[in-house]
2 protein chains.
Amino acid sequence: MALNKHPQCKVYVDGQPFRFLTPHMGQPEAIPVLEIGYEDWGDPGNPAILVCNALSQNSHVTDLQHPRDPKKSWWNTMVGPGRPIDTDRYYVICVSMLGGCGGTSGPASINPDTGKTYGLNFPVVCVDDMVRSQRILLEHLGVTGLHGVIGGSMGGYQALVWAILYPDFVESSIVVASGGCSNQWQIMTNRAQIDAIQLDANYNGGRYVAGKEPVAGLAIAREIGFCTFISPTMMEKKFAKYHNSPREPFTDADFHMQRLHDGENYLRNQAWPFGKDFDANSMLYLLQTWNHFDLAVQYGSLAKAMEPIRCKIMVIAATGDNLFPPYLSEDIVKALQVNNVRVRYELIEDDYGHDFFLIPGIIEEKIAAPLVDFLQMS
Amino acid sequence: MALNKHPQCKVYVDGQPFRFLTPHMGQPEAIPVLEIGYEDWGDPGNPAILVCNALSQNSHVTDLQHPRDPKKSWWNTMVGPGRPIDTDRYYVICVSMLGGCGGTSGPASINPDTGKTYGLNFPVVCVDDMVRSQRILLEHLGVTGLHGVIGGSMGGYQALVWAILYPDFVESSIVVASGGCSNQWQIMTNRAQIDAIQLDANYNGGRYVAGKEPVAGLAIAREIGFCTFISPTMMEKKFAKYHNSPREPFTDADFHMQRLHDGENYLRNQAWPFGKDFDANSMLYLLQTWNHFDLAVQYGSLAKAMEPIRCKIMVIAATGDNLFPPYLSEDIVKALQVNNVRVRYELIEDDYGHDFFLIPGIIEEKIAAPLVDFLQMS
């Protein structure tokens, strides 16, 4: 069966409110209607694989028309017919993260009780909440079990939590470029991003209006993020310097009429379109979800967190990932081994940096073969 | 002779304008009066050592009253009576950087032609300009040669350029936690800082007024900086997490009523006082000076840049410095060796991160002995 490329579907769960697990004083603990934005590919009769997305991604995981363009969809090389997650072989589902702005309920959604966007009145979101919302969708779709769940970065958090929360539902979990907790460098760079968003005069305590969003604040937050997504080593290979550059008209934005170095242009070109496209409050929520994820704190220890796991787990890290360094993956592996969970650890020698799992060449050369092997292993 | 702790002195050079080396269209190429803020310690009859400062520092390098308090002065453990740079033995001078706001001319200085601050009309500053301004001061003080020049980070840029520009004036140069050029990760994190400053509504194209400075923008820029000054490894050792924290009043600034993790508190506590104290335009200028420093580009190659050097050089790097990784120092060492310059390279095993050279324990245990030995070597 060929790839079903189609627009996102939405499911509304409004029989009962969706309750969040981590209430905070002054914040609501539930939303009256849970909206779930998802896409699926392949034959629903095939074994199901759930793909979980990372910070800025949505359900649009693959696109047959633009197989190598990460701007069209974010994991084309990984998901599709004949690709490692083979849509001819598996029924593939991807749900946009709860708390984001990719189609599932989040701060940019309309609160049916007020007719306005939730903004900062959206409940606090933890990774467990994301996974629970995905489970609701799978039940709706009639999926009775997952052959696999996979995700990178914050998607890896979800893949791991799936194996913990629903041990009878999941046969395998693949945790890529991720960890069992946030570390302080992530927390600090995420904090600088939150503060940059809130600095924008348009942010207005989260009550910004259409046409006057905090685009610049979100863009600068994203610039900070992009300083962490690829490694300094890769930046040095990838970017050139400009000197003795042509004298251009002076603007404040291009202070000093010095042309921007390649690294600066890269930041600008990545971050500013993002600032226009993404919702600022959603970014705040997701950064907080990330910062407060810590299975060891939640369960007493990482080993204790892994106790319920029954499925096999694959953990993939890269040597050059400085945002989620391999030690975070290795801590998961050790905690799984303590619990006698079947675990396969792939440490990829690659200096690209955190985003390595999104890069077509790296997927094809270093991730595809062990992943396919793992998925087919009984 | 005891340490002379005294307020900063100022020298005005107004016989002729001070010309800058890198003119840019629309920017002035000179200032009518060069103001130089400096401090000195010890007997002017002793061999002279010039200490060059880094991004946020000023001439106040040492303070007898508060020997271990980096908030009072920034290199107490290094400079003073009986310390590695011994004020009983040497005449020590420190000049605040040109383009900064530590007492030497910069964008916050008054332009005598207009009676207002220069702001973005201050000329573009390069490291050569800084060194040339320091040379003018030394002539004024009657210093006819330097036993040594030392600096860390951007101060290391200056120490290196001293040896290149004035080979007959300098007997030794000590380049700490620095390099012969900026790298792309520095450039990108510095760019995010510049953009954060300019995002602040108070910034107003650099024409902010007293009492309404872009404190928040500068603070967030500094938060970004502090994410690079110590290593992720050190952050993990130094900072704790908070979870299940007491429910505190909700403010936008402390989004979600979740208490801040230690790393976030550290950022806030370091960055916000800085935002109030420092001048935003000066930070922009100095970040641009840093971003555009590249001896290989300026001279054709790093080895060619080193050709004029006649003095002995000590290069100090630390394994855990991720902002100026050891390869930047090692490139300098290789370029010096090509030119048969006497060079001593100290690679310190330490995971503190870039600020290692400011930490009393590291200075005492790992830097003091080789430095004293080098300074006394004939």
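Proteins come first, then strands; the chains are lettered A, B, ... in the order of their sequence lines, and each starts at number 1.
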Honestly, the part of A/Phe226 sitting under 4.5 Å from a heavy atom of chain B is backbone
Less than 4.5 Å apart, any side-chain heavy atom of A/His261 and any of B/His292?
yes
- Message: Are the side chains of B/Tyr266 and A/Gln184 in contact, using a 4.5 Å heavy-atom criterion?
- Response: no
If one checks every heavy atom of A/Ile187 against chain B at 4.5 Å, the contacting part turns out to be both
- Quick one: does A/Glu223's side chain get under 4.5 Å of B/Ile224's, heavy atoms only? no
Cut-off 4.5 Å, heavy atoms of chain A, and the answer for B/Thr233 is neither
Most heavy-atom pairs under 4.5 Å with chain A, out of B/Ser231, B/Ser182, B/Ala221, belong to B/Ser182
Discussion item. Please check: side-chain N/O of B/Trp185 versus main-chain N/O of A/Cys227, any donor-acceptor pairing under 3.5 Å?
Written reply: yes
In this structure, CD1 of B/Ile220 is separated from CD of A/Gln193 (nearest 0.5 Å) by 11.5 Å
Report task. Answer whether the closest heavy-atom distance between the side chains of B/Met235 and A/Asn183 falls below 4.5 Å. Result -> no
Cut-off 4.5 Å, heavy atoms of chain B, and the answer for A/Ala201 is side chain
